[in-house]
Undergrad: 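Take this structure first; my questions come after.
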Amino acid sequence: MQNPLFIALDFNHRGKRRQFLEHFSNETIDVKVGMELFYREGLKAIEELKEAQYNLFLDLKLHDIPNTVKRTMRVLAEMEIDMVNVHAAGGQAMMEAAIEGLEAGTRPGKERPKCIAVTQLTSTNEDMLKQQLHIDRPLKDVVCSYAQLAKTSGLDGVVCSAKEVPFIHEGCGREFLTVTPGIRRAEDDKADQMRIVSPAEARQLGSWGIVVGRSLTMASDPLHVYKEMHSEWKGVALT
Ligand code: C5P
């Protein structure tokens with residue numbers, strides 16, 4: 001996987017998901033399956049998407065006791081997906097257990113799925129951090145400290161806002177993966193996202209991968225918007 005643009009397949013209906021993907025039948029795309037699709041369609045959807053040879057990020061954001069996370073990750077690794085994630089707030093023992101579970105479930109000769117940690121959701125802002133989560137430190141510091149904990153725990157990277165990527169590179173090195181949702185073009189509805197940037201800004205800030213959902217899933221011409229966003233992300237002119 002090279003600097004993926006993950007399309008978030010946030011659908012609750014198999015027909016709608018298939019219809020949406022038909023727009024991309026001539027493209028090589030990377031996809032993200034989140035809770036909505038996975039809880040609705042389960043393993044069947046994963047098998048179908050793997051068969052279509054998409055790179056697959058299963059975004060279930062595990063956050064539970066270490067034993068449960070380890071056992072669950074073992075099951076997920078058996079599905080041979082490319083990337084999974086946890087909440088860094090689950091702590092070091094939980095993240096280490098996630099890696100142990102993934103290693104245990106990876107079939108011989110196959111690569112362990114990459115595992116990244118959510119630092120702070122891109123729908124969180126500093127006010128919410130203070131008022132609701134009772135964390136008084138600046139959001140950037142919290143994100144960087146979660147990223148370092150994820151690295152110490154053996155994870156491959158983090159989910160964060162692109163705005164935080166330069167600081168994460170400083171603390172964790174450029175090899176540490178940064179996957180950044182909260183991607184919008186100027187004309188898009190921000191909706192519930194707070195820390196947003198455009199695909200071009202994400203590239204300039206050094207994101208390794210980006211996640212785009214509603215700008216594509218709610219577009220009247222998803223392929224056209226995808227091509228625009230993809231060329232911005234890759235830094236090449238639209239052909
Ligand atoms: O529609 P939108 O582009 O905002 O979708 C972003 C996607 O990325 C959603 O599927 C959301 O669950 C996911 N995500 C996120 N923030 C995180 C982790 C995942 O928005 N920190």
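All ligand and atom numbering here is 1-based and tracks the order in the structure. Throughout, residue positions are numbered sequentially from 1 according to the sequence presented. The structure displayed is predicted, hence computed values, not measured ones.
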Undergrad: Pull out every atom of ligand 1 sitting under 4.0 Å from any heavy atom of L121, numbered as shown with elements.
TA: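 In order of numbering, the contacting atoms are 17 (C), 21 (N).
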Undergrad: Do me a favour and list the nearest non-hydrogen protein atom to atom 9 (C) of ligand 1 with residue, atom name and distance?
TA: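 Ranking protein heavy atoms by distance from atom 9 (C) of ligand 1, first comes D10 OD2, 3.4 Å.
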Undergrad: Please confirm whether M35 comes under 4.0 Å of ligand 1, counting heavy atoms of the residue only.
TA: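 No, M35 has no heavy atoms under 4.0 Å from ligand 1.
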Undergrad: Closest non-hydrogen protein atom to atom 19 (C) of ligand 1, residue and atom name please, with distance?
TA: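 Ranked first by proximity to atom 19 (C) of ligand 1 is K61 NZ, 3.2 Å.
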Undergrad: Is the positively charged end of K140 above the ring of F167, judged by distance under 6.0 angstrom from the centroid and angle within 45° of the axis?
TA: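 Yes, K140 and F167 form such a contact.
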Undergrad: Under 3.5 Å between any N/O of Q120 and any N/O of ligand 1: does that happen in this structure?
TA: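 No.
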Undergrad: Go through ligand 1 atom by atom and flag the ones less than 4.0 Å from a non-hydrogen atom of V159.
TA: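 Result: 17 (C), 18 (C), 21 (N).
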Undergrad: N/O to N/O below 3.5 Å, does that happen between K32 and ligand 1?
TA: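 Yes.
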Undergrad: Report the nearest protein non-hydrogen atom to atom 16 (N) of ligand 1: residue, atom name, distance rounded to 0.1 Å.
TA: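 Of the protein heavy atoms, T122 OG1, 3.0 Å lies nearest.
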Undergrad: Does the pair E41/R17 count as a salt bridge with the N-to-O cut at 4.0 Å?
TA: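 The answer is yes: the pair qualifies as a salt bridge.
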Undergrad: To which of A117, S123, P181 does the heavy atom nearest atom 15 (C) of ligand 1 belong?
TA: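 The option holding the nearest heavy atom is P181.
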Undergrad: Kindly indicate whether the side chain of V158, heavy atoms from C-beta on, has any atom under 4.5 Å from the side chain of V143.
TA: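 The answer is no; the side chains never approach within 4.5 Å.
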Undergrad: Using a strict threshold of under 4.0 Å (side-chain N to carboxylate O), is an ion pair present between E48 and R14?
TA: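 Looking at R14 and E48, the cut-off is not met.
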Undergrad: Show your working on side chain to side chain contact (heavy atoms under 4.5 Å, CB included) between M95 and L149 and close with a plain yes or no.
TA: CA-CA 9 Å; M95 288 194 273; L149 186 67; 3.8 Å; yes
Undergrad: When you measure from atom 3 (O) of ligand 1 to every protein heavy atom, which one gives the shortest distance, and what is it?
TA: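 Protein heavy atom with the smallest distance to atom 3 (O) of ligand 1: G213 N, 2.8 Å.
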Undergrad: Any chance the side chains of D10 and T217 put a donor and an acceptor closer than 3.5 Å?
TA: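 Absent: no donor and acceptor within the cut-off.
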Undergrad: Side chain to side chain contact (heavy atoms under 4.5 Å, CB included) between V165 and W208: does it pass, once the steps are laid out?
TA: CA-CA 9 Å; V165 167; W208 172 76; over 6 Å; no
Undergrad: Give me the nearest non-hydrogen protein atom to atom 6 (C) of ligand 1 as residue plus atom name, then the distance to 0.1 Å.
TA: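 Residue, atom and distance for the closest contact: Q193 NE2, 3.7 Å.
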Undergrad: For ligand 1, which atoms, with element, lie under 4.0 Å from some heavy atom of V211?
TA: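 Close to V211: 7 (C), 8 (O).
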Undergrad: Between D156 and R112, does at least one N-O distance fall below 4.0 Å, as a salt bridge requires?
TA: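 Yes, D156 and R112 are salt-bridged.
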Undergrad: For ligand 1, which part of T119 has a heavy atom less than 4.0 Å away: the side chain, the backbone, both, or neither?
TA: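 Within the 4.0 Å criterion, T119 makes no contact with ligand 1.
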